[in-house]
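Step one of this worksheet: look at the structure below.
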Amino acid sequence: MPPFLPRSFYARDSLAVAPDLLGALIVRNGVVLRITEVEAYRWPGDTACHARHGRTERNAALWGPPGTAYVYLCYGIHHMLNLVTGAEGEAQAVLVRACEPVTGLAAIRRRRGGGDGPALLTGPGKVGAALDLDLSFSGRRLYERGLLEVRRGEPPVHVLAGPRVGIAYAEPAHRRMPWRFAAAGTPWVSLRRRLRAMSVSVRPTPSGA
DNA sequence: TCTACGATCTTT
DNA sequence: AAGATCGTAGAT
């Protein structure tokens with residue numbers, strides 16, 4: 001099994017961490033996923049971020065130390081996985097929006113009641129379901145042995161960047177920020193149609209180096 | 001307390 | 001185009 005992404009990997013701006021996370025592996029109870037799509041959020045200066053109303057009981061983990069998880073419930077149904085970045089006391093995180101299954105695909109299908117092709121892990125709610133997450137995962141450290149681990153993986157050659165999804169409530173300027181990143185050339189990406197407007201760029205830094 | 005609504009997904 | 005489904009935040 002590849003080494004953990006160290007705590008220091010996360011102790012940077014979420015904007016730098018987000019693209020570097022593409023290709024990394026999420027390990028959870030026999031299931032291994034490769035991250036293919038992420039979004040960066042950070043406060044201040046981003047009204048799409050959950051920290052926009054300050055520190056609350058719900059978003060407490062978002063302000064926690066880098067390299068920990070922030071899981072929240074969306075639409076009363078979906079458990080969304082964020083990886084906390086920056087320094088402790090800041091409110092920054094990277095949302096995992098899509099993954100490619102590496103191992104444990106059978107367990108994931110069972111969990112979801114069978115069926116499905118490439119749409120299996122495209123979308124943050126589906127990722128949360130595949131990893132069987134709940135709110136108790138908030139605050140867990142991801143850089144050491146545990147129920148949820150993140151390890152080094154093969155980075156994609158090219159990265160797509162574009163505006164984030166599902167943040168209509170944010171200020172227009174923040175809505176337009178190209179803080180959504182996806183590995184180019186894989187089917188493991190959500191809302192493919194909106195990817196067409198994205199610009200192709202070369203990956204800035206190697207993952208976990 | 002009450003109410004509106006969400007970093008979504010599925011079905012119609 | 002809209003329902004599922006429920007915890008949170010802001011208002012009362």
Side-chain angles (χ1 to χ4, degrees), chain A residues 10 13-15 17-19 21-22 26 33 35-64 68-86 90-101 108-139 142 148 160-182 187-195 197-198:
Chain A
Y10 303 94
D13 193 282
S14 63
L15 222 51
V17 175
L21 273 170
L22 296 174
I26 302 177
L33 309 182
I35 298 174
T36 52
E37 181 186 343
V38 296
E39 281 176 356
Y41 290 85
R42 69 170 176 194
W43 186 255
D46 176 18
T47 52
C49 183
H50 280 179
R52 67 190 178 281
H53 295 306
R55 187 179 191 138
T56 66
E57 194 173 337
R58 182 206 196 197
N59 69 27
L62 175 59
W63 306 75
T68 59
Y70 164 46
V71 178
Y72 70 93
L73 183 63
C74 187
Y75 294 96
I77 300 170
H78 303 106
H79 291 280
M80 316 278 265
L81 173 62
N82 293 258
L83 314 183
V84 176
T85 68
E90 296 177 350
Q92 300 192 3
V94 176
L95 170 69
V96 180
R97 285 194 57 87
C99 289
E100 168 191 351
I108 297 169
R109 282 194 206 279
R110 232 175 291 126
R111 201 166 286 153
R112 290 176 42 85
D116 271 346
L120 194 57
L121 288 170
T122 57
K126 295 172 179 175
V127 171
L131 294 172
D132 198 21
L133 298 182
D134 57 61
L135 298 182
S136 73
F137 281 77
S138 265
L142 305 168
L148 187 63
L160 305 172
R164 293 169 294 176
V165 175
I167 54 166
Y169 56 85
E171 286 178 12
H174 302 154
R175 247 183 280 163
R176 284 192 291 269
M177 298 295 192
W179 291 358
R180 179 189 182 200
F181 304 95
W188 310 101
V189 172
S190 67
L191 297 169
R192 177 156 286 288
R193 195 158 79 209
R194 298 199 207 179
L195 276 176
M198 288 182 167

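Heavy atoms only: backbone and side chains are in, while hydrogens, waters and symmetry mates are out. Below, chains carry the letters A, B, ... as their sequence lines are ordered, and counting in each starts from 1.
- Among all heavy-atom pairs drawn from A/Pro124 and A/Leu95, the shortest one is CB-CD1, 4.2 Å.
- Atom P of nucleotide C/dG10 and atom OH of A/Tyr169 are separated by 13 Å, given to the nearest angstrom.
- Of all heavy-atom pairs between A/Ser190 and A/Ala98, the closest is N-CB, 4.3 Å.
- Taking A/Tyr72 as the reference, A/His50, A/Tyr70 meet the ring pair (Phe, Tyr, Trp, His ring centres under 6.0 Å) condition, with sequence neighbours excluded.
- Contact annotation: the side chain of A/Leu33 never approaches that of A/Val96 to less than 4.5 Å [non-hydrogen atoms, C-beta and beyond].
- To the nearest 0.5 Å, atoms CG (A/Leu131) and SG (A/Cys99) are separated by 6.5 Å.
- A/Pro44 meets the side chain to side chain contact (heavy atoms under 4.5 Å, CB included) test with no other residue; sequence neighbours excluded.
- Residues of residues 46-56 of chain A having a heavy atom closer than 4.0 Å to DNA chain C, listed by number: A/His53, A/Thr56.
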Applying the Watson-Crick and G-U criteria (both distances under 3.5 angstrom) with [ ] for crossing and | for other-strand pairs, one obtains for DNA chain C ||||.||||||.

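- Atoms CG and CZ, from A/Leu73 and A/Arg58 in turn, are 7.5 Å apart once rounded to the nearest 0.5 Å.
- Taking atom CD on A/Glu37 and atom P on B/dT8, their separation rounds to 11 Å, with Å as the unit.
- Side chain of A/Arg180 to main chain of A/Gly162: no donor-acceptor pair is present (N/O by atom type, distance under 3.5 Å, no hydrogens or angles).
- Note: A/Leu81 CG to A/Leu142 CG = 7.5 Å, rounded to the nearest 0.5 Å.
- Among the protein residues, A/Ile167 comes within range of the sugar-phosphate backbone only, with heavy atoms under 4.0 Å from sugar or phosphate atoms but none that close to a base.
- The stretch residues 39-48 of chain A participates, sequence neighbours left out, in these side-chain hydrogen bond (donor to acceptor under 3.5 Å, both in side chains) pairs: A/Asp13-A/Arg42, A/Glu39-A/Tyr41, A/Asp46-A/Arg164, A/Thr47-A/His174.
- Rounding to whole angstrom units, CG of residue A/Leu121 and P of B/dT10 are separated by 11 Å.
- Residue A/Arg58 places none of its side-chain N or O atoms closer than 4.0 Å to OP1 or OP2 of B/dG6.
- Only A/Leu73, A/Tyr75, A/Gly76, A/Ile77, listed by number, bring a heavy atom of residues 69-85 of chain A to less than 4.0 angstrom from any atom of DNA chain C.
- In this structure, CD1 on A/Ile35 lies 12.0 Å from CD on A/Glu100, to the nearest 0.5 angstrom.
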